[in-house]
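Everything below concerns the one structure shown next.
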Amino acid sequence: MTNIQISRRFIMYYFFYKRLLLYGLKNYLLFKASDKLKLNSKKALFGIIISAAVVVSIVLAIFFNPFKSNVQVFSDSLSALVSKSQELTRKYQEEVGKWNMKKHDNLTMVTITDRYLSQFEELENEARNLSVPNGHDNIKNSFIRSLESEAASYEHFKNYLITENRTEDQLSNDNLSLAYQYEKVYADFLLKNH
């Protein structure tokens, strides 16, 4: 369930139970005003308390789902990191596209690459801190290795920009292919668990 779905569901329940609470409060005040219906006022107060308990339990169920398995929590966390890495890759590839169109010179592209390499390193550190359920270490490791390989590819590309050594360019391509191989492992896992 996405954050948007959770937010929409929360708002829907919030307004529904807010109306229910206001209805119960209105009835309570009406019954409170008439002395002959003291018994009904106790029922209205009981209704308000029950309604409040239902609202609280729904909010807790939405935001703190106790039925989510460790694998699902891991899958959600990994998915968030994968989204970050995809966005980072997309932005870097846009810069490479500008370099290909001669909008960036080699020195500018080296500076841009250094900036992105530090962001990949931060993402790797986040991935290393990810809690993993038993039997799923290979999924986490494949994501980390994919990030490492992609970063190595950009490091070799940077070296190619500086030296114009074709071997560095080939190493860059090889590491990018390796990153893709690791990506297939965790992508299959996410596909099965989302």
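Residues: numbered from 1 along the sequence shown.
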Say whether, by atom type as modelled, one donor and one acceptor occur between the side chain of [X] and the main chain of [Y] under 3.5 angstrom.
X      : Y      : answer
Ser83  : Ser79  : yes
Thr108 : His104 : no
Ser75  : Gln72  : no
Ser149 : Arg145 : yes

Note, [X] side chain near [Y] side chain (heavy atom, < 4.5 Å):
X      : Y      : answer
Asn165 : Asp169 : no
Asn106 : Trp99  : yes
Asn141 : Tyr186 : no
Tyr160 : Gln170 : no
Glu95  : Tyr116 : yes
Leu88  : Phe120 : yes
Val132 : Ile139 : no
Met109 : Val96  : yes

Taking [Y] as the starting point, is it possible to reach [X] by hopping between hydrophobic residues whose side chains are less than 4.5 Å apart?
X      : Y      : value
Phe189 : Leu130 : yes
Val185 : Phe143 : yes
Leu176 : Leu147 : yes

Tell me the closest heavy-atom pair linking [X] and [Y], and the distance in Å.
X      : Y      : answer
Lys140 : Arg128 : NZ-O, 2.7 Å
Tyr182 : Ser142 : CB-O, 3.3 Å
Leu81  : Ala127 : CD1-CA, 3.7 Å
Ser131 : Phe74  : O-CD1, 3.3 Å
Ser172 : Phe157 : OG-CB, 3.6 Å
Ala179 : Ser146 : O-OG, 3.1 Å

Just how far is it from atom [atom1] of [X] to atom [atom2] of [Y], taken to the nearest 0.5 Å?
X      : Y      : atom1 : atom2 : value
Asn175 : His156 : CG    : NE2   : 5.0 Å
Leu107 : Ile112 : CG    : CD1   : 10.0 Å
Glu124 : Glu122 : CD    : CD    : 11.0 Å
Thr113 : Asn159 : OG1   : CG    : 10.0 Å
Glu183 : Leu190 : CD    : CG    : 10.0 Å
Ser153 : Lys158 : OG    : NZ    : 13.0 Å

* **Distance-only polar pair, side chains of Tyr154 and Glu150, donor-acceptor under 3.5 Å** =>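 Present: a donor and an acceptor within the cut-off.
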[X], [atom1] atom: more than 12 neighbouring heavy atoms under 6.0 Å:
X      : atom1 : result
Asp105 : CG    : yes
Glu121 : CD    : no
Glu164 : CD    : no

* To do: For the pair Glu94 and Arg90, find out whether any cationic side-chain nitrogen is under 4.0 Å from an anionic carboxylate oxygen.
  =>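 The answer is yes: the pair qualifies as a salt bridge.
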* Should Glu126 and Lys84 count as an ion pair when the cut-off is N to O under 4.0 Å? ->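 Counted as a salt bridge, because a side-chain N and a carboxylate O are separated by less than 4.0 Å.
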